[in-house]
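Everything below concerns the one structure shown next.
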Amino acid sequence: MSAMLDETRPDGVTAVVEAPHRERKCVVVIGGGFAGIAAARALRHADVDVVLIDRRNHHIFQPLLYQVATAVLSPAEIAAPIRQLEVKQQNLSVLLAEVTGVNVASRTIEASSPVVGARKIAYDYLVVATGMRPSYFGHDEFAQYAPGLKNLNDAETIRAKILGAFELAETTEDESERARQMTFVLVGAGPTGVELAASLAQMVKVTLRGNFRRIDPARSSIILLDAGKRVLPTFAESVSRKVAKRLERLGVKVVTDVKVETVDEQGVIVGGDRIPSATVLWTAGVAASPLSQMLGTKTDRAGRALVDPFLKVVDAPGVFVVGDAASSVKQNEHPVPGVAQAAIQEGRYVGRLIAKELKGRKVKRPFRYFDKGNMAVVGKNYAVLERGWLQTGGFLTWLVWAFVHILSLPQLQNRLRVQRQWLWSYFTGQRSSRLIPEPPRMPGADTR
Ligand SMILES: Cc1cc2nc3c(=O)[nH]c(=O)nc-3n(C[C@H](O)[C@H](O)[C@H](O)COP(=O)(O)OP(=O)(O)OC[C@H]3O[C@@H](n4cnc5c(N)ncnc54)[C@H](O)[C@@H]3O)c2cc1C
């Protein structure tokens with residue numbers, strides 16, 4: 001595929017510049033999430049070299065991350081190696097590297113890989129699909145005490161924190177420390193906060209029942225905080241109300257309209273009051289990956305790149321931004337939501353657009369989002385769905401949710417494994433992924 005040239009940079013580092021073959025153009029896709037993979041796949045029949053770059057070797061099915069964090073599933077069941085796409089797509093190469101810079105004037109990106117170091121890669125078309133990362137609203141110091149949920153490491157960290165808290169509660173002689181270990185605070189009542197809180201509530205009541213001699217996990221406190229007026233603010237108000245009631249019934253205390261002022265080793269301070277908690281989880285804001293800002297174009301408040309209705313970056317020829325990294329395109333006055341379906345549709349659209357342009361055809365139809373509905377699951381047997389005028393919730397919706405998620409998982413073996421785990425967990429209440437890799441530690445404990 002692409003030719004490589006050596007080049008010495010002003011800082012003395014030898015970089016490798018990959019230039020496209022003379023007769024074949026090169027599309028570089030940054031990000032192997034929903035949007036990036038959809039873009040790369042849409043180019044599979046095009047006469048072009050496609051280079052898909054990700055800093056991880058795997059694609060994650062993020063909608064089920066909360067189940068890894070609450071021990072229902074193991075990491076491998078919701079992820080798949082990106083490299084396996086090469087088997088199915090001859091014109092695709094996958095590169096494990098972190099993209100650290102974009103130069104739209106010279107049409108090159110800079111990528112850094114372990115051992116190889118920095119290299120430049122030339123592109124004819126660039127698709128930026130780098131997604132979002134947790135945002136602590138200017139309080140990055142909260143991150144060390146309150147992990148966000150974005151990747152498999154985060155999910156495993158959260159799982160270890162939750163399971164470790166029960167072990168420490170069982171061990172300590174100090175009543176107030178025991179209460180602190182058994183208090184779980186989730187900051188942010190969007191879909192991730194709601195799903196995580198409900199799953200945790202189920203876990204303490206059912207999965208951990210009878211597992212301890214000195215504590216009763218069912219007496220844990222699970223507190224879901226939000227600065228907004230209601231849970232699930234992107235859903236209709238009636239849906240929010242139903243979900244809040246459901247959460248309360250599961251034993252989750254929902255507190256809205258409050259601002260978290262401090263997060264530290266002892267817990268959180270909210271509205272001047274301290275809530276002692278050993279496990280604070282950040283399920284609130286998100287910000288775009290810094291790459292969107294490197295394109296030299298305007299960004300919105302969350303750092304997402306502004307794009308035109310064709311998802312192109314204005315003043316950056318051949319550059320597109322798709323998925324969560326793009327500032328919402330408006331459709332019928334509503335912004336396209338930052339969800340997996342939108343990312344897939346945007347990626348596919350751009351892939352097809354580039355394929356057409358390569359054939360010398362002009363694309364006149366701007367991107368249109370087809371809304372398949374918005375869902376959230378609230379513990380066992382209950383999910384809500386909103387699609388246009390349709391708002392529904394209950395057991396049947398939950399079955400639909402389960403069916404859709406099984407079908408959407410990457411790899412057939414994951415679908416079969418998740419299906420088996422869910423059935424096991426549904427009928428026994430047990431969760432099979434309950435290992436804590438590192439011993440849990442009390443605050444201030446000697447780690448030598
Ligand atoms: C916990 C959680 C639960 C969710 N639940 C749902 C749900 O139930 N339903 C739903 O529809 N949506 C859900 N979403 C949202 C959905 O997952 C996102 O909208 C979707 O993943 C966006 O896809 P994307 O391709 O834009 O970004 P991502 O899927 O985030 O992929 C971005 C990729 O870019 C890579 N990357 C980033 N920066 C660089 C760099 N500099 N160099 C190289 N690679 C880089 C990352 O490693 C990653 O693989 C959830 C999100 C989260 C975090």
Side-chain angles (χ1 to χ4, degrees), residues 28-40 51-70 78-82 94-102 109-113 121 127-135 147-155 158 186 188 190-196 199 232 234 281-294 304-305 311 321-326 328 336-348 350 369 371-378 383-386 401 404-405 408 410:
V28 171
V29 180
I30 313 173
F34 289 102
I37 287 183
V51 181
L52 177 57
I53 307 175
D54 201 300
R55 59 185 172 203
R56 293 193 296 244
N57 84 329
H58 53 273
H59 165 72
I60 301 171
F61 189 74
Q62 291 177 8
L64 290 181
L65 266 177
Y66 82 92
Q67 295 215 351
V68 176
T70 49
I78 65 156
I82 300 172
V94 174
L95 185 66
L96 181 73
E98 167 125 29
V99 176
T100 50
V102 179
I109 58 145
E110 186 160 306
S112 171
S113 317
I121 300 173
V127 183
V128 177
T130 45
M132 302 286 271
R133 61 199 159 106
S135 160
L149 183 58
K150 189 64 189 141
N151 56 42
L152 296 177
N153 272 348
D154 297 337
I158 291 175
L186 294 91
T192 303
V194 164
E195 293 184 339
L196 198 52
S199 183
L232 296 185
T234 52
L281 307 177
W282 195 262
T283 51
V286 281
S289 96
L291 218 65
S292 305
Q293 284 140 47
M294 291 177 198
R304 292 172 296 208
L311 309 179
V321 185
V322 289
D324 282 2
S328 302
V336 172
V339 294
Q341 259 311 315
I344 292 169
Q345 291 177 31
E346 288 181 8
R348 195 183 296 144
V350 163
Y369 172 56
D371 186 3
K372 292 187 177 172
N374 208 356
M375 293 186 109
V377 68
V378 196
V384 286
L385 163 71
E386 193 174 294
W401 172 90
V404 168
H405 280 69
S408 311

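Just so you know, ligand 1 is whichever comes first in the structure, and atom 1 is the first atom listed for that ligand.
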**Request:** Measure up the W401 and Y66 rings against each other and bin them: parallel (under 30°), tilted (30 to 60°), perpendicular (over 60°).
**Result:** tilted

**Request:** Nearest 0.5 Å please: distance from the CD atom of E98 over to the CG atom of L291.
**Result:** 8.5 Å

**Message:** Does any N or O of ligand 1 fall below 3.5 Å from an N or O anywhere on K150, backbone included?
**Reply:** yes

**Complete:** Within the 4.0 Å heavy-atom cut-off, what A97 brings close to ligand 1 is backbone

**Request:** Supply the atom-to-atom distance Q345 CD to K372 NZ, rounded to the nearest 0.5 angstrom.
**Result:** 6.0 Å

**Fill in**
min-distance protein heavy atom vs atom 15 (C) of ligand 1 -> G338 O, 3.8 Å

**Prompt:** To which protein heavy atom is atom 18 (C) of ligand 1 closest, and what is the distance rounded to 0.1 Å?
**Reply:** D324 OD2, 3.2 Å

**Prompt:** Among protein heavy atoms, which lies nearest atom 28 (P) of ligand 1, and at what distance?
**Reply:** Q62 NE2, 3.8 Å

**Item:** Heavy atom of the protein closest to atom 20 (C) of ligand 1 (residue, atom name, distance)
**Value:** F34 CD1, 3.6 Å

**Item:** Proximal ligand 1 atoms for A129, defined as those under 4.0 Å from one of its heavy atoms
**Value:** 32 (C), 33 (C), 34 (O)

**Request:** May I ask you to test the I60-L152 pair for a side-chain heavy-atom distance under 4.5 Å?
**Result:** yes

**Prompt:** Less than 3.5 Å between some nitrogen or oxygen of D54 and one of ligand 1, yes or no?
**Reply:** yes

**Prompt:** Backbone or side chain, does any N or O of A35 fall under 3.5 Å from an N or O of ligand 1?
**Reply:** yes

**Message:** Using only atom types and a distance under 3.5 Å, with no angle test, would you say the side chain of E195 pairs donor to acceptor with the backbone of V377?
**Reply:** yes

**Asked** How about V339 and Y369: do any of their side-chain heavy atoms sit closer than 4.5 Å?
**Response** yes

**Asked** So, the side chain of E346 versus the backbone of G323: is there a donor-acceptor pair under 3.5 Å, distance only?
**Response** yes

**Asked** Which residue and non-hydrogen atom of the protein lie closest to atom 34 (O) of ligand 1, and at what distance in Å?
**Response** G31 CA, 3.3 Å

**Request:** For E98, counting its heavy atoms only, list the atoms of ligand 1 lying under 4.0 Å from any of them.
**Result:** 41 (N), 42 (N)

**Request:** Pick one of side chain, backbone, both or neither for how T192 approaches ligand 1, counting any non-hydrogen atom pair under 4.0 Å.
**Result:** side chain

**Asked** Who's the nearest protein heavy-atom neighbour of atom 23 (O) of ligand 1, and how far?
**Response** A343 CB, 3.5 Å

**Request:** Could you find the nearest protein heavy atom to atom 5 (N) of ligand 1 and give me its residue, atom name and distance?
**Result:** P63 CA, 3.4 Å

**Asked** Between the main-chain N or O of G188 and the side-chain N or O of T283, is there a donor-acceptor pair closer than 3.5 Å?
**Response** yes

**Item:** Contact (N/O only, under 3.5 Å) between A340 and ligand 1
**Value:** yes

**Message:** Return the closest protein heavy atom for atom 41 (N) of ligand 1 as residue, atom name and distance.
**Reply:** V99 O, 3.0 Å

**Asked** Do the side chain of R133 and the main chain of A288 share a donor and acceptor less than 3.5 angstrom apart?
**Response** yes

**Prompt:** For R56, is at least one N or O under 3.5 Å away from an N or O on ligand 1?
**Reply:** yes

**Item:** For L95, the option from V28, L52, I82, I121 that meets side-chain contact (heavy atoms from CB on, under 4.5 Å)
**Value:** I121

**Message:** Quick one: does any side-chain atom of D54 pair with a main-chain N or O of N57 as donor and acceptor, under 3.5 Å?
**Reply:** no

**Item:** Atom indices of ligand 1, in the order listed, that fall short of 4.0 Å to a heavy atom of V339
**Value:** 10 (C), 11 (O), 12 (N), 19 (O)

**Item:** Main-chain N/O of A80 paired with H59 side-chain donor or acceptor, under 3.5 Å
**Value:** no

**Complete:** For G323, the atoms of ligand 1 under 4.0 Å from one of its heavy atoms are 26 (O)

